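This report refers to the structure that appears directly beneath it.
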Amino acid sequence: MSGLSGARVAVVGLGSSGRAAIEALAAAGATPAGHDLSEAALEAARTGAEVPAGTALHHAAGPDALAAAVIDSRPDVVVVSPGVPAVSPLHTGAAAAGLTVWSEVELAWRLRAPRPDGTFAPWLTLTGTNGKTTTVGMLESILTAAGERAEAVGNVGTPIVRVATRRGPDAPDVLAVELSSFQLHSTLSVSPQAAACLNIAPDHIDWHGSYEAYAADKAKVYERTQVACVYNEADPATRAMVEEADVVEGARAVGFTRGTPGLGQLGLVEDYLVDRAFGAERRHSAAELATLADLAHLAPQGTEVPAHVVANALAAAALARAHGVAPEHVRDGLRAYAGGGHRIELVARAGGVSFVDDSKATNAHAAAASLGAQPAGTVVWVAGGLAKGARFDDLVRAHADRLRAVVLIGTDREPLRSALARHAADVPVIEVVPGEDGSVMPCAVTEAARLARPGDTVLLAPACASMDQFAGYAARGEAFTRAARELEGRIGR
């Protein structure tokens, strides 16, 4: 079935995707062994139900020791976690040793279960610097509205291998697959029905080693696409990725735009989301898919639908239309999509100041969307975290006029501090370090509220990852929300 029966497979990283990989490999007749730097991860693997009893599990004291242990074991295949950087000793050493390295995505593709008629559930894949999770959620909702057994998987949280190998009445009809650049790095043979890159901007430079390497891994999403390569008309780099991709003969380039669409595009005409790419009459007319009113519930209270929400909806619609979904189901799915938390979400009002949680803005590109939606001179910006090798000059230069003040958190404050000094020198900047109890957000919110004036917005849009001081972006957003609501309870709206 998979060609893995009897194979010795080293699984590196024992988080959720690594444990799911071990479970699937054992079921396929392979002999997996797990490796991790974390004793806690090994303990979770030993005590959890996913990893079969007797599976060899190995702890390594550091990246060099991990690489040596895996390479010395001479496995037939290495399945590597997204948490292992491309510049790590493991990746470089495995390449030098000639070892085959797969992502969990690649493993899922090779192990995917056939349907009763021998065919496989198609994959609709998407990546991008920002908007992936929202778009894959919209896509799942649209596919479900069309009566499909659909599931959002991948970087959104559910390991792909767990769903792709499912059989019986719960097996999926189609997968909506969110892919990070980390996952795409070691993905070699996936052939999606349709694929999209929403946008591309500098991010994860530390993981990939350079922006060029990051962009090259993002571009892999289009390789071997069968029906449609969906790109962003506002981001020429995504069109270039399509033009350079090695796709299945007959696959088309389909653009999405927030303007009036041309032939072969989806776009916006007045208040209507329309399709001139897939309809039978596309040369002469556009098929109506939805209206801005169908997306109004995804806008912050009292505001217009943000441009990035419209773009995400158009990208999701394009992938669904490539799969054959009818226009009315696109509309129904977008109406039904509830949205995720920590995305430009008004969470409290205190003393006439609004508190907005956009903790999901983990890079400069995402933070720019949040800052750009606010009036000039009204934002107390809470920012900082793990910078991932990024610089912030362009972000601060473009949005300095929005800023009333800035509260910096996180371990990598210097890149933001220096950018603010160069491009917003007159804006007050307060730096917050954790208190004796390790908490940072209550102090950050208190300082932000002190700097704000009635009518202002305290905006958590960190432009950085969260894992320095929080368990994830959701934990960071929840801490901000708790602190803001406590302040609201003390002083009133």
Side-chain angles (χ1 to χ4, degrees), residues 121-126 128 131-154 156-158 163 169-178 192-196 198 227-228 230 232 254-258 260-261 264-282 285-301 303-341 343-345:
W123 290 19
L124 303 173
T125 61
L126 66 96
K132 299 184 294 296
T133 301
T134 295
T135 305
V136 80
M138 289 176 167
L139 177 58
E140 179 188 36
S141 185
I142 292 168
L143 295 167
T144 300
E148 301 264 19
R149 289 190 303 276
E151 192 159 343
V153 296
V156 71
T158 303
V163 179
D170 293 330
D173 295 319
V174 56
L175 293 181
V177 184
E178 178 189 336
Q193 185 179 44
L198 305 175
V227 175
V230 178
N232 185 350
V254 174
F256 64 90
T257 173
R258 297 194 303 271
T260 302
Q265 298 177 347
L266 282 75
L268 197 62
V269 176
E270 297 179 345
D271 290 342
Y272 292 88
L273 281 68
V274 300
D275 170 14
R276 289 200 65 199
F278 297 102
E281 302 298 321
R282 61 184 178 273
S285 62
E288 178 187 329
L289 301 176
T291 68
L292 292 180
D294 296 320
L295 301 172
H297 62 290
L298 301 175
Q301 188 174 6
T303 67
E304 295 182 351
V305 179
H308 67 275
V309 172
V310 177
N312 293 340
L314 288 166
L319 291 168
R321 293 286 280 156
H323 181 62
V325 170
E328 60 269 24
H329 295 137
V330 173
R331 177 201 63 209
D332 294 344
L334 292 175
R335 285 178 179 174
Y337 175 62
R343 294 167 177 84
I344 319 184
E345 182 179 4

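Here the structure is a predicted model, which is why all the values come from computation and not from measurement.
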Checklist outcome for this item: In this structure, OG1 of Thr291 is separated from CG of Asp271 (nearest 0.5 Å) by 7.5 Å
Next on the checklist: Set out, in order, the CA-CA distance, both residues' side-chain angles and the distance that settles side-chain contact (heavy atoms from CB on, under 4.5 Å) for Leu266 and Val254, then state yes or no.
Outcome noted: CA-CA 8 Å; Leu266 282 75; Val254 174; 3.8 Å; yes
Next on the checklist: Between Val309 and Met138, is there a side-chain heavy-atom distance shorter than 4.5 Å?
Outcome noted: yes
Checklist entry - Can you check whether Ile142 reaches Leu334 side chain to side chain, under 4.5 Å on heavy atoms? => result yes
Item to check | Side chains of Pro261 and Val269 in contact at under 4.5 Å (non-hydrogen atoms) | outcome: yes
Item to check | Side-chain donor or acceptor of His297 paired with backbone N/O of Tyr337 under 3.5 Å | outcome: yes
Next on the checklist: Using a 3.5 Å distance criterion without hydrogens, assess whether the side chain of Arg321 forms a donor-acceptor pair with backbone atoms of Val325.
Outcome noted: yes
Item to check | Interatomic distance, Leu175 atom CG to Trp123 atom CH2 [nearest 0.5 angstrom] | outcome: 6.5 Å
Checklist entry - Just how far is it from atom CG of Leu268 to atom CG of Leu273, taken to the nearest 0.5 Å? => result 5.5 Å
Checklist entry - Minimum heavy-atom separation for Ala277 to Gly264, with atom names? => result CB-C, 3.6 Å
Item to check | Nearest-0.5 Å distance that lies between atom NE2 in His329 and atom NE2 in His323 | outcome: 12.0 Å
Item to check | Closest heavy-atom pair and its distance - Gln265, Thr260 | outcome: OE1-O, 4.4 Å
Checklist entry - Should Leu143 and Leu124 count as side-chain neighbours, where that means a heavy-atom distance under 4.5 Å? => result yes
Checklist entry - Is the backbone N or O of Asp332 less than 3.5 Å from a side-chain atom of Arg335, with the two atoms forming a donor-acceptor pair by type? => result no
Item to check | Identified side chain to side chain donor-acceptor pair (under 3.5 Å) counterpart of Glu178 within the set Thr133, Thr158, Thr135 | outcome: Thr133
Next on the checklist: Using every non-hydrogen atom in the two residues, find where Gln193 and Pro122 come nearest and quote the distance to one decimal.
Outcome noted: OE1-CB, 3.7 Å
Item to check | Point-to-point distance, once rounded to the nearest 0.5 Å, from CG of Asn312 to CG of Asn232 | outcome: 9.5 Å
Item to check | Backbone N/O of Glu140 and side chain of Thr144: donor-acceptor pair under 3.5 Å | outcome: yes
Checklist entry - Which pair of heavy atoms, one from Ala121 and one from Asp173, lies closest together, and at what distance? => result CB-O, 3.5 Å
Item to check | Reported CD-to-CG distance for the pair Glu304 and Leu295, which is rounded to 0.5 angstrom | outcome: 13.0 Å
Checklist entry - Counting only N and O atoms by type, is there a donor-acceptor contact under 3.5 Å from the side chain of Arg149 to the main-chain atoms of Ala171? => result yes
Checklist outcome for this item: Looking only at heavy atoms, the pair that brings Ala322 and Phe278 closest together is CA-CE2, 3.7 Å
